[in-house]
Amino acid sequence: MPVEWVNRRAGESAKRRTRVETDEKKQHQKPNGRIRETAKKRVRHFRDLDVYQNALETALRVYELSKKFPDGERYALTDQIRRSSRSVCANIAEAWRKRRYTAAFISKLSDSESEAAETQVHMEFAVRHGYIGDAEFQAIDDAYEHILGQLVRMIDHPEKWVIGGRMNT
């Protein structure tokens, strides 16, 4: 399984580049049920953010998948993957409350980005150890790639989110 998996993953980077290029076009299409994208609406709370909703949905899926992990992983991989997936959501919420200061807002979004990547690594360990299937891994990995793209767009354009005119503090 690992050799097949590695060979399949080698071709994934080219597919991901194509996905990233077409991501902007897909953003305005109807949702496919996996990752939710909503029409432009007024965001009044962090729970209204598409990125938060996607991160929460994905973290809940990670939690359910981690229930299958062996008992020997309870205080290692299971605990780590659950904490990192929840941290993606928590850091988005913290960033939302720090919108008065650009640097603080970007810092918390960057923390969220790091936690999403950490979760991807933990999921890779899970699939390589046979705790989850390749299709389950790929669905979660793709979801986090989408979330990472959303976070990067927010980081690259904080002026759309920061409030109170304190852009440089």
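Count residues from 1 along the sequence.
Under the side-chain hydrogen bond (donor to acceptor under 3.5 Å, both in side chains) criterion, H45 pairs with no residue at all, not counting sequence neighbours. For R82, the side-chain contact (heavy atoms from CB on, under 4.5 Å) test picks out Y63, S66, K67, T78, R86, with sequence neighbours left out. Checked against salt bridge (charged side-chain N to carboxylate O under 4.0 Å, His left out), D71 has the following partners two or more places apart in sequence or in another chain: R74. Here T119 pairs with S84 under the side-chain hydrogen bond (donor to acceptor under 3.5 Å, both in side chains) rule; sequence neighbours left out. Scanning for side-chain contact (heavy atoms from CB on, under 4.5 Å) contacts around A126 gives F69, L77, Y131, I132, with sequence neighbours left out.
At least one donor-acceptor pair under 3.5 Å links the side chain of T58 to the backbone N or O of N54. No side-chain donor-acceptor contact under 3.5 Å links S110 to the backbone of I106.
Checked options L56, V88, I92; the residue passing with V51 is I92 (criterion: side-chain contact (heavy atoms from CB on, under 4.5 Å)).
Within the structure, every pair that satisfies the salt bridge (Lys or Arg N to Asp or Glu O under 4.0 Å) test and touches residues 103-117, not counting sequence neighbours, is listed here: E94-K108, K108-D111.
If you take CE on M154 and OG on S112, they are separated by 9.0 Å, rounding to the nearest 0.5 Å. Going from atom CZ of F105 over to atom CD1 of I163 covers 10.0 Å, rounded to the nearest 0.5 Å. To the nearest 0.5 Å, the span separating CG on L148 from CZ on R153 amounts to 10.5 Å. Here CG of D142 is found 11.0 Å from CD1 of I147. Values are rounded to the nearest 0.5 Å. Distance check: Y144 OH to E118 CD gives 10.5 Å after rounding to the nearest 0.5 Å. Distance CG/L65 to CE/M123: 5.0 Å, rounded to 0.5 Å.
Within a 6.0 Å radius of CZ in R83, other residues, nucleotides and ligands contribute more than 12 heavy atoms. The 12-atom threshold is not exceeded at CZ of F125, counting heavy atoms of other residues, nucleotides or ligands nearer than 6.0 Å.
V152 and F46 are members of different hydrophobic clusters when ILVMFWY side chains are connected at heavy-atom separations under 4.5 Å. Linking Ile, Leu, Val, Met, Phe, Trp and Tyr whenever their side-chain heavy atoms come within less than 4.5 Å puts I81 and L60 in one cluster.
Considering only heavy atoms from C-beta on, K68 comes within 4.5 Å of E136 through its side chain.
Among all heavy-atom pairs drawn from R100 and R97, the shortest one is NH1-O, 4.4 Å. A59 approaches C89 most closely through the heavy-atom pair CB-SG, 4.5 Å.
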Would Y52 and W96 satisfy side-chain contact (heavy atoms from CB on, under 4.5 Å), going step by step from the backbone distance to the final call? CA-CA 10 Å; Y52 175 82; W96 185 255; over 6 Å; no
